[in-house]
Amino acid sequence: MQRRALNPWLLAAAIGGVLYPFAVYAGLTRSGLTFLRPWGLVAIGLILIGLRLFAMRRVAGHALPTGFAVAALVLVALLALDGEIAAKAYPVVISLAVAAIFGCSLIWPPTVVERMARIREPVLPPQAVAYTRGVTWLWFGFLLANAFVAAILGVWGTLSQWTLWTGLVSYLLMGALFLGELTWRHHLRSRA
C-alpha cells in the first residue's frame, strides 16, 4: 500500500480550525487585540475556508470544494447580521459543510467512509459496505448535532461556553466517536 504525502495546506487549515475558537475568545475579550475584532476574525475564518478549498481541490473531485464554497457564502451572508455572531459561525459552517459531504455520499454512493475503507481494502464484502454506510450515518448525525450546539452557543450562550464547546468538547467527542467506532469495528472483526 502506497502512503500519500501529508497535504501541508490541509494541515494548516486543520490547525487553524482548532485554534480559531481561541482566537475568537482572545479577540473578543482582549482590548489590545483590535485587529481580531469581529471582522478580522471573519476574515480569518474565510481564509481557513479558502485553505480547505485549496487543499482539497484534487482530493475529492467536485463535491467537497462545492460544499466549502457554499459554506463560505453562508459565512459571508452572516456578516449582514452581526459581526460577533459571524465570527462564531466558522465552526458551524464547517460542521454543516462536512455533514453535507457525508449526506451527499449517502445519496450518491459510495459513502465517504466506504471510500476511506477501500483505500486499505479495495474489495469489501457486502456486510462491510453496509457497516460503512451506518458509520457514515453516524458521522452525519454527529456533525449536524455539533453544528446545532455550536450555533445555539454562538447565538445564546456565553463566549466562554462557545469557546469550550468549539475548541475542546467537540474535538473530544469526535475523538471518542472515532475511537469507539474503531474499537467496535475490531470487536466485530474478531467475532467474524
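Remember, it's a predicted structure, so these values are computed and weren't measured experimentally.
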**OP:** Take S160 and Y25, measure what side chain to side chain contact (heavy atoms under 4.5 Å, CB included) needs, and give me the verdict at the end.
**Re:** CA-CA 7 Å; S160 295; Y25 185 84; 3.6 Å; yes
Subject >> W137 reachable from I107 in the ILVMFWY side-chain graph, under 4.5 Å edges >> reply: no
**OP:** Provide the closest heavy-atom pair for P38 versus A87 in the form atom of the first, atom of the second, distance.
**Re:** O-CB, 4.1 Å
Original post:
Would you say M174 and V98 are hydrophobically clustered, going by side-chain heavy atoms of ILVMFWY under 4.5 Å?
Top reply: yes
Original post:
Are side-chain heavy atoms of V155 and K88 found at a separation under 4.5 Å?
Top reply: no
**OP:** List the atom of L124, the atom of A117, and the distance in Å for their closest heavy-atom pair.
**Re:** CD1-CB, 3.9 Å
Original post:
Heavy-atom distance under 4.5 Å between the side chains of S95 and F148, does that happen here?
Top reply: no
**OP:** Decide whether V129 and V135 are clustered together by the hydrophobic rule: side chain heavy atoms of Ile, Leu, Val, Met, Phe, Trp, Tyr closer than 4.5 Å, transitively.
**Re:** no
**OP:** Hey, could you give me the CG/CG distance between L41 and L46, rounded to the nearest 0.5 Å?
**Re:** 11.0 Å
Subject >> Polar side chain donor-acceptor pair, T136 to T111, under 3.5 angstrom >> reply: yes
Original post:
Which atoms form the tightest heavy-atom contact between E114 and T132, and what is the distance?
Top reply: CB-OG1, 3.4 Å
Original post:
Can you tell me how far the CG atom of L138 sits from the CZ atom of F142, to the nearest 0.5 Å?
Top reply: 9.0 Å
Original post:
Short question: side chain of S170, backbone of W165 - any donor-acceptor pair under 3.5 Å?
Top reply: yes
Original post:
If you round to the nearest 0.5 Å, how far is OH of Y90 from CD1 of I44?
Top reply: 11.0 Å
Original post:
Do L159 and V24 touch side chain to side chain, with heavy atoms closer than 4.5 Å?
Top reply: yes
Original post:
Transitively linked via ILVMFWY side-chain contacts under 4.5 Å: W108 with M116?
Top reply: no
Original post:
To the nearest 0.5 Å, what is the distance between CG (L153) and OG1 (T158)?
Top reply: 7.5 Å
Subject >> Flag, side chain of Y20 to backbone of L48, donor-acceptor distance under 3.5 Å >> reply: no
Original post:
At their closest point, which heavy atom of G83 faces which heavy atom of V42, and how far apart are they?
Top reply: O-CG2, 4.2 Å
Original post:
W139 vs F102 aromatic rings, parallel, tilted or perpendicular, using cut-offs 30° and 60°?
Top reply: tilted
Original post:
Shortest non-hydrogen contact from V92 to A151?
Top reply: CG2-N, 3.5 Å
Subject >> Separation between CG of L168 and CG of L173, rounded to the nearest 0.5 Å >> reply: 9.0 Å
**OP:** Go through E121 and R189 one step at a time and tell me if the salt bridge (Lys or Arg N to Asp or Glu O under 4.0 Å) criterion holds.
**Re:** CA-CA 14 Å; E121 263 181 76; R189 282 186 174 197; 2.6 Å; yes
Original post:
Under 3.5 Å, is there a donor-acceptor pair linking the side chains of Y131 and E181?
Top reply: yes
**OP:** Kindly give the heavy-atom pair with the smallest separation between S190 and H187, and that separation in Å.
**Re:** OG-O, 2.8 Å
Original post:
Measuring from Y171:OH to N146:CG, what's the distance to the nearest 0.5 Å?
Top reply: 8.5 Å
Original post:
Under a single-linkage definition using a 4.5 Å side-chain heavy-atom cutoff for Ile, Leu, Val, Met, Phe, Trp and Tyr, are L144 and L106 assigned to the same hydrophobic cluster?
Top reply: yes
